[in-house]
Amino acid sequence: MDFNELEKVRVQKIQKLKELGIPAYPTRSYISSTIKEACEAFEKVEATGSDQPIEVTIAGRMRSLRIMGKLAFTHIEDGTGRIQLFLRVNELGDQLQFFKDYFDIGDFVEAHGTVIRTRSGEISLQTTSIRMLAKAISPLPAAKEEVVDGVTVKHTGLSDPEIRYRQRYADLVVNPEVRNIFRTRSKIVSALREFLDSHDFLEVETPVLQPIYGGAAARPFITHHNQLHQDLYLRISFELYLKRLLVGGLDRVYEIGRDFRNEGVSYKHNPEFTQLEFYCAYFDYLKVMDFTEQMIRYAAEKALGTTKLKYGDVEFDLAKPWNRVNMREGILEKTGIDFEKYPTTESLAAAMNEKGIQTKPGLQRGKLINQLVSDFLEPTFLQPTFLYDYPWEVSPLAKRKPENPLITERFEGFIAGMELCNAFTELNDPIDQEARFLEMGRTYAEDDEERNPIDEDYLRAMRYGMPPCGGFGMGIDRLTMLLTNQSTIREVILFPHLRERDKDQEDN
RNA sequence: GGGCGUAUAGCUCAAUGGUAGAGCAGUGGCCUUUUAAGCCAUUUGUUCUGGGUUCGAGCCCCAGUACGCUCACCA
């Protein structure tokens, strides 16, 4: 291991401790309470006016240090909170010098003593003995912090995003607001599970490694099983497996897990992302819409304690019903184009060009409509909005509307202009499904990597009969972005994908 | 993949083409209720990498790498 000058000093301290027979990394600690428990116990006794001493052993990481001769102050922090240690030669004797010689900011320590209030009113541990629990060699990036009116103020911090993401451990130590994002994310996921469980959904797990990928339009990652001599794909969605379960009689299923899409990285795309999909027999997309409103509202209430939220400049209230916009009407209103009047790629492209809208050659009709949606509708969906009734060409797994076979019962949900979820009344007609798969094979160019191979086993499952059902998919990362007001997906993923660095540069 | 921007001490940042600096952290000293403690002293550099121009490059030029913003593609 290479050490810089600061680290060498600490490594020397470890060696000296070893010579003294004192472990820098002892095996066990013997705490009697967490920091939060110690503070609460003291406040409880204090409130009764009693001076009964609260004697505790606590542990945590040293986050600040002020040495003043025969007296020293240090704040230690564990997962529950932070407390000041009041270290005085009166109680510690020789141990104070030992502390000054060997303990640094960043070390994990265990302290025994009595909880008191110092003259300036801060709850502190009047420490009678202190022990090293784990020595830190590398200095923490944030050197100093103070708490002003209950708010932690950093005087230097870790802000370089590259270091923050590559060394998330350091980011988490010094930036408490980052820890809070991930606590909130965890609460969101728990709340979604609670909500679905309470509606009699069964949580299931389906294969990540798949011989045939499908259920979404995306390029897959390819991997290989050595012993079976078989190429496998990392799943791009759960859809085709979850619907097999409805054939099998599991009427309400959901899965929360990872999808992998081999595509561009952006502020709202990570190559692997967490998806929630559920399928519910005897639901249609209108029931799913209502259910979605309830579910997201529930998640916000449970995770944040409120439904009134702000994302950037956009304020929205998840307690209110979402706007509902019919796609054909929405596009007509914004562009003057009624796409139903242009049933072919050529006629629609011509109509768009006439309105001054550039179209890329080679795009099929469905993708042209998608372009109209993303250019003219999505940016206007700042308030929670369901856009519904998608053309059949871009919805190969959604059921056609009984009154209009060119339109499917599908919706997507948007907040703050960002797509959040996608749902439909599921296609359960195996003959139409096969025709749609074959049609997809025709409409996609030979070299279009979003072209999915036909999943014959899925068709076989449909032939046994699947109950009419509603299906739903939502990016958990994006929901977390919206609920925690983060402008990039990397802030809500603990270890976001970053490009590999050269060995040479990594060493620097 | 395209465009624009950034890269300097452990961290946050300065530095007209002319000796590479500050604050914090570190180290030594003073200091028994501090809390960005204070005071005195002091150390730390592949200026992202590789070329080039120049008497001389952190700075100018070329190429590369990573990150950020943005466009394209997608969820």
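Every chain is numbered from 1 and lettered A, B, ... according to where its sequence line falls, protein lines coming before strand lines.
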Write down the distance separating the P atoms in B:U47 and B:C67, rounded off to the nearest Å. 23 Å
Starting at CZ of A:Phe3 and ending at C1' of B:U44, how long is that distance when rounded to a whole Å? 17 Å
Distance check, P atoms only: B:A15 and B:A9, in whole angstrom units. 15 Å
Taking atom types as they are modelled, would you say the side chain of A:Gln84 forms a donor-acceptor pair with the base of B:U34 within the 3.5 Å cutoff? yes
I want to verify a distance call: between B:C67, B:A75, B:U34, whose nearest atom is closest to the A:Glu122 side chain? B:U34
Quantified in whole Å, what is the C1' atom distance between nucleotide B:A7 and nucleotide B:C59? 14 Å
Distance check, P atoms only: B:U6 and B:C60, in whole angstrom units. 9 Å
Counting any heavy atom closer than 4.0 Å, what does A:Asn270 reach on the DNA or RNA strands: base, sugar-phosphate only, or nothing? base
What does B:G45 pair with, Watson-Crick or G-U, if both distances are under 3.5 Å? none
Length of the line joining A:Lys8:NZ and B:U27:P, which is rounded to integer Å: 15 Å
From CD1 of A:Ile489 across to C1' of B:A75 the rounded distance in Å is 8 Å
In whole angstrom, what separates A:Leu482's CG from B:A75's P? 17 Å
Checking all strands, does A:Glu412 fall into the base, sugar-phosphate, or nothing category for heavy-atom contacts under 4.0 angstrom? nothing
Spacing of A:Asp104 atom CG relative to B:G26 atom P, expressed in whole Å: 7 Å
Think A:Arg490 has a side-chain N or O under 4.0 angstrom from the OP1 or OP2 of B:C69? yes
What's the CG-P distance between A:Leu397 and B:A75, to the nearest Å? 13 Å
Sequence neighbours excluded, the answer for ring pair (Phe, Tyr, Trp, His ring centres under 6.0 Å) partners of A:Phe98 is A:Tyr102, A:Phe103
Assess whether a salt bridge exists between A:Lys399 and A:Glu409, defined as any Lys/Arg side-chain N lying under 4.0 Å from an Asp/Glu carboxylate O. no
Please work out if A:Phe273 contacts a base, only the sugar-phosphate, or nothing of the nucleic acid, heavy-atom cut-off 4.0 Å. base
Once you round it to whole Å, what is the distance between C1' of B:A66 and NE2 of A:His497? 12 Å
Heavy atoms of other groups near A:Lys36 NZ, more than 12 under 6.0 Å: no
Closest to the side chain of A:Asn4, out of B:U27, B:C11, B:G10, is B:G10
Using a heavy-atom cut-off of under 4.0 Å over every strand shown, decide if A:Arg10 touches base, sugar-phosphate, or nothing. nothing
So what does A:Glu7 hit on the nucleic acid, given a heavy-atom distance under 4.0 Å: a base, only sugar-phosphate, or nothing? nothing
For A:Glu46, salt bridge (charged side-chain N to carboxylate O under 4.0 Å, His left out) partners two or more places apart: A:Arg117
Electrostatic pair A:Glu5-A:Lys8, nearest N-O below 4.0 angstrom: yes
Taking the same atom, P, in B:G17 and in B:G58, what whole-Å distance lies between them? 12 Å
Base-pairing mate for B:G68 - Watson-Crick or G-U, with both contacts under 3.5 Å: B:C4
Report the residues that fulfil side-chain contact (heavy atoms from CB on, under 4.5 Å) with A:Val178, sequence neighbours left out, ordered by chain and then residue number. A:Arg164, A:Arg168, A:Asp171, A:Leu172, A:Asn175, A:Phe182
Please name all residues satisfying side-chain hydrogen bond (donor to acceptor under 3.5 Å, both in side chains) with A:Glu110, sequence neighbours left out, ordered by chain then number. A:Arg131
Roughly how far apart, to the nearest Å, are B:A37 and B:U27 at atom P? 15 Å
OP1 or OP2 of B:A37 sitting under 4.0 Å from any side-chain N/O of A:Arg66? yes
Looking only at side-chain atoms of A:Ser159, point me to the closest of B:U34, B:G10, B:U12. B:U12
With sequence neighbours excluded, residues passing side-chain contact (heavy atoms from CB on, under 4.5 Å) with A:Gln52: A:Val45, A:Ser50
For nucleotides 28-33 of chain B, 5' to 3', base contacts (B), sugar-phosphate-only contacts (S) and non-contacts (-) with protein non-hydrogen atoms under 4.0 Å give ---BBB
Distance-only side-chain donor-acceptor flag, A:Tyr165 / A:Glu491, under 3.5 Å: yes
Could you work out the separation of B:G18 and B:C4 based on their P atoms and round it to a whole Å? 27 Å
Rounded to whole Å, the CD1-P distance (A:Ile163 to B:A66) equals 16 Å
Looking at B:C67, I'd like to know if its phosphate oxygens (OP1 or OP2) sit under 4.0 Å from a side-chain N or O belonging to A:Arg164. no
Separation between the P atoms of B:C61 and B:U53, rounded to whole Å: 15 Å
Any side-chain N or O of A:Lys13 below 4.0 angstrom from OP1/OP2 of B:U27? yes
Between A:Asp101 and A:Pro139, the residue closer to the 5' end of RNA chain B by nearest nucleotide is A:Pro139
